[in-house]
There are 2 protein chains.
Amino acid sequence: MRINYESNRKILEEKQVRPTAMRMLIFKFLAQKQMAVTLADIETAFEKSERTTIYRTIKTFEESGIVHLIEDGSGVAKYALCEAGCNCELDSDLHLHFHCETCKETQCLTETKIPHINLPPGFTATDASLVVKGTCDKCNKK
Amino acid sequence: MRINYESNRKILEEKQVRPTAMRMLIFKFLAQKQMAVTLADIETAFEKSERTTIYRTIKTFEESGIVHLIEDGSGVAKYALCEAGCNCELDSDLHLHFHCETCKETQCLTETKIPHINLPPGFTATDASLVVKGTCDKCNKK
DNA sequence: CCAAACAATGCACTTCCATTGCAGGTTTAT
DNA sequence: ATAAACCTGCAATGGAAGTGCATTGTTTGG
Ligand SMILES: [Mn+2]
Ligand SMILES: [Mn+2]
Ligand SMILES: [Zn+2]
Ligand SMILES: [Zn+2]
């Protein structure tokens, strides 16, 4: 696990985020989890730590392009790690997000890009977000 | 304006919603406004009325397919009238929503449909929502 | 028309989540 | 070693959504 720890640390440092203990733990948690998580999810996973610290950690991650925010319609904010090489602080993040109505989980489908949209005359776009709801692959197997 | 009032009343009745005074006023407000509105917007427009009444009116409208909910990423729920003939209580509403970062308004682009999305194997979709951010036609003219 | 039944409204209260201020504590740079 | 910059914990605040209940208004069957 040493290598993993080191590579995580490197990711934080590359993004100019100091790798404190709490940040490393939260980063690892996000990396292990395949799905988008809420602040409450993280809170549950680390009962010892403070809500505010988690909140500010995620904000820092978001501003540094380590995670991106996902609004899946559930009403609470969710976050997921950005892909290596993703520059979503600058550019926009054009993959779609899938919310499974069975298992209630939300995930990035990074392979599936948002198609180009022809807007009516006069409109110009800088960003887009696409959330698809339905049943995920795992839930469809059962 | 008599005719307008009557036709609004007819729309409510067709959707099995009793046309009370408050409901007629809120419906008219939504019909005049071209943009999606928040509960707070309605509250501001009708200072006399109660927040709860507005809340429950919009819920009723939503459940009856008179308005649809829009989550544009601002964190607060917005609502807009459904088009005539729209059946979004049953079917899903597949037009896109545009949020202007200049005037901060959100509107339905009912002519612009969400394109078909090819999901990875195993995933099945029942609904989709697409929000595009940028500058609207009016703001681009200035 | 009247009374019972039903539906809508108003008010108070609650919950949930996001956000901020401030007082330590820790790390970093000089 | 010291000061500055940064991080963390705790308390408090705020905004928005939702619920329970009493009151008022509307419908409808007799
Ligand atoms: Mn994503
Ligand atoms: Mn719409
Ligand atoms: Zn699922
Ligand atoms: Zn605009």
Side-chain angles (χ1 to χ4, degrees), chain A residues 8-30 36-64 66-80 99 104 106, chain B residues 8-30 36-64 66-80 99 104 106:
Chain A
N8 287 353
R9 196 168 61 84
K10 229 169 231 169
I11 293 172
L12 295 200
E13 281 171 349
E14 273 164 18
K15 301 282 190 175
Q16 328 271 348
V17 172
R18 275 153 63 169
T20 67
M22 203 59 227
R23 286 170 179 176
M24 289 298 290
L25 282 173
I26 293 178
F27 186 92
K28 187 177 148 199
F29 177 73
L30 289 164
V37 302
T38 65
L39 289 174
D41 290 336
I42 306 177
E43 220 181 310
T44 307
F46 301 100
E47 297 195 4
K48 292 292 181 67
S49 66
E50 273 311 305
R51 204 188 2 276
T52 319
T53 304
I54 297 171
Y55 171 76
R56 283 197 261 235
T57 298
I58 286 289
K59 280 289 165 201
T60 302
F61 282 4
E62 191 187 357
E63 284 155 15
S64 314
I66 294 172
V67 301
H68 59 280
L69 170 67
I70 304 167
E71 312 217 13
D72 64 1
S74 67
V76 295
K78 295 188 180 175
Y79 299 89
H99 177 75
K104 314 291 182 201
T106 295
Chain B
N8 287 352
R9 196 168 61 81
K10 227 170 232 168
I11 292 172
L12 294 202
E13 281 172 347
E14 272 165 19
K15 301 282 188 173
Q16 327 272 348
V17 172
R18 276 153 65 169
T20 67
M22 203 60 226
R23 287 171 178 176
M24 289 298 289
L25 282 173
I26 293 179
F27 187 92
K28 188 176 148 200
F29 177 74
L30 289 165
V37 302
T38 65
L39 289 174
D41 291 336
I42 306 177
E43 220 180 313
T44 307
F46 302 100
E47 297 194 6
K48 293 293 182 64
S49 67
E50 273 311 303
R51 201 179 53 79
T52 318
T53 305
I54 296 171
Y55 171 77
R56 283 198 259 235
T57 298
I58 286 289
K59 280 289 164 201
T60 302
F61 282 5
E62 192 186 357
E63 283 155 15
S64 315
I66 293 172
V67 301
H68 60 280
L69 169 68
I70 303 166
E71 313 216 10
D72 63 2
S74 67
V76 295
K78 294 188 180 174
Y79 299 89
H99 176 76
K104 314 293 179 199
T106 295

Using nucleotides 24-30 of chain C, report all nitrogen or oxygen pairs with the protein that are shorter than 3.5 Å.
none

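Within 4.0 Å of B/A40, counting heavy atoms only, lies no atom of the nucleic acid at all.
Contact of the B/V17 side chain with the B/F27 side chain is not registered, since no non-hydrogen atoms from C-beta on lie closer than 4.5 Å. B/Y79 places a side-chain heavy atom less than 4.5 Å from the side chain of B/L69. Within the 4.5 Å cutoff, the side chain of A/P19 has heavy atoms near those of the A/E13 side chain.
B/D72 approaches B/H99 most closely through the heavy-atom pair OD2-ND1, 3.4 Å. Between B/F46 and B/L25, the closest heavy-atom pair is CZ-O, 3.6 Å. For the pair A/K15 and A/I66, the tightest heavy-atom approach, listed with the atom from each and the gap, is CG-CG1, 3.7 Å.
Nucleotide C/dA7 holds its P atom 14 Å from the CD atom of B/E63, rounded to whole Å. To the nearest angstrom, C1' of D/dG15 lies 11 Å from CD of B/E43. For the pair B/M22 CE and C/dC11 P, the computed distance is 13 Å after rounding to whole Å. The distance between atom NZ of B/K78 and atom C1' of D/dA17, rounded to the nearest whole Å, is 17 Å. To the nearest angstrom, P of D/dT27 lies 10 Å from CD of B/E13. At whole-Å resolution of the value, CZ in A/R23 and P in D/dC6 are 11 Å apart. To the nearest angstrom, P of C/dC17 lies 10 Å from CG of A/D41. One atom, CG of B/D72, and another, C1' of D/dA16, lie 15 Å apart when rounded to the nearest Å.
For residues 39-54 of chain B, every residue pair satisfying the side chain to side chain donor-acceptor pair (under 3.5 Å) rule, not counting sequence neighbours, is listed here: B/T38-B/D41.
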Q: Under the salt bridge (charged side-chain N to carboxylate O under 4.0 Å, His left out) rule, what do B/E62 and B/K59 come out as? Steps first, then yes or no, please.
A: CA-CA 5 Å; B/E62 192 186 357; B/K59 280 289 164 201; 3.7 Å; yes
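For DNA chain D, the neighbouring residues in residues 49-59 of chain B, judged by any heavy atom under 4.0 Å, are B/R51, B/T52, B/Y55, B/R56, B/K59.
Considering only side-chain N and O atoms, B/T20 lies under 4.0 angstrom from the phosphate OP1 or OP2 of C/dT9.
The closest donor-acceptor contact from the side chain of A/R23 to the backbone of A/R18 lies under 3.5 Å.
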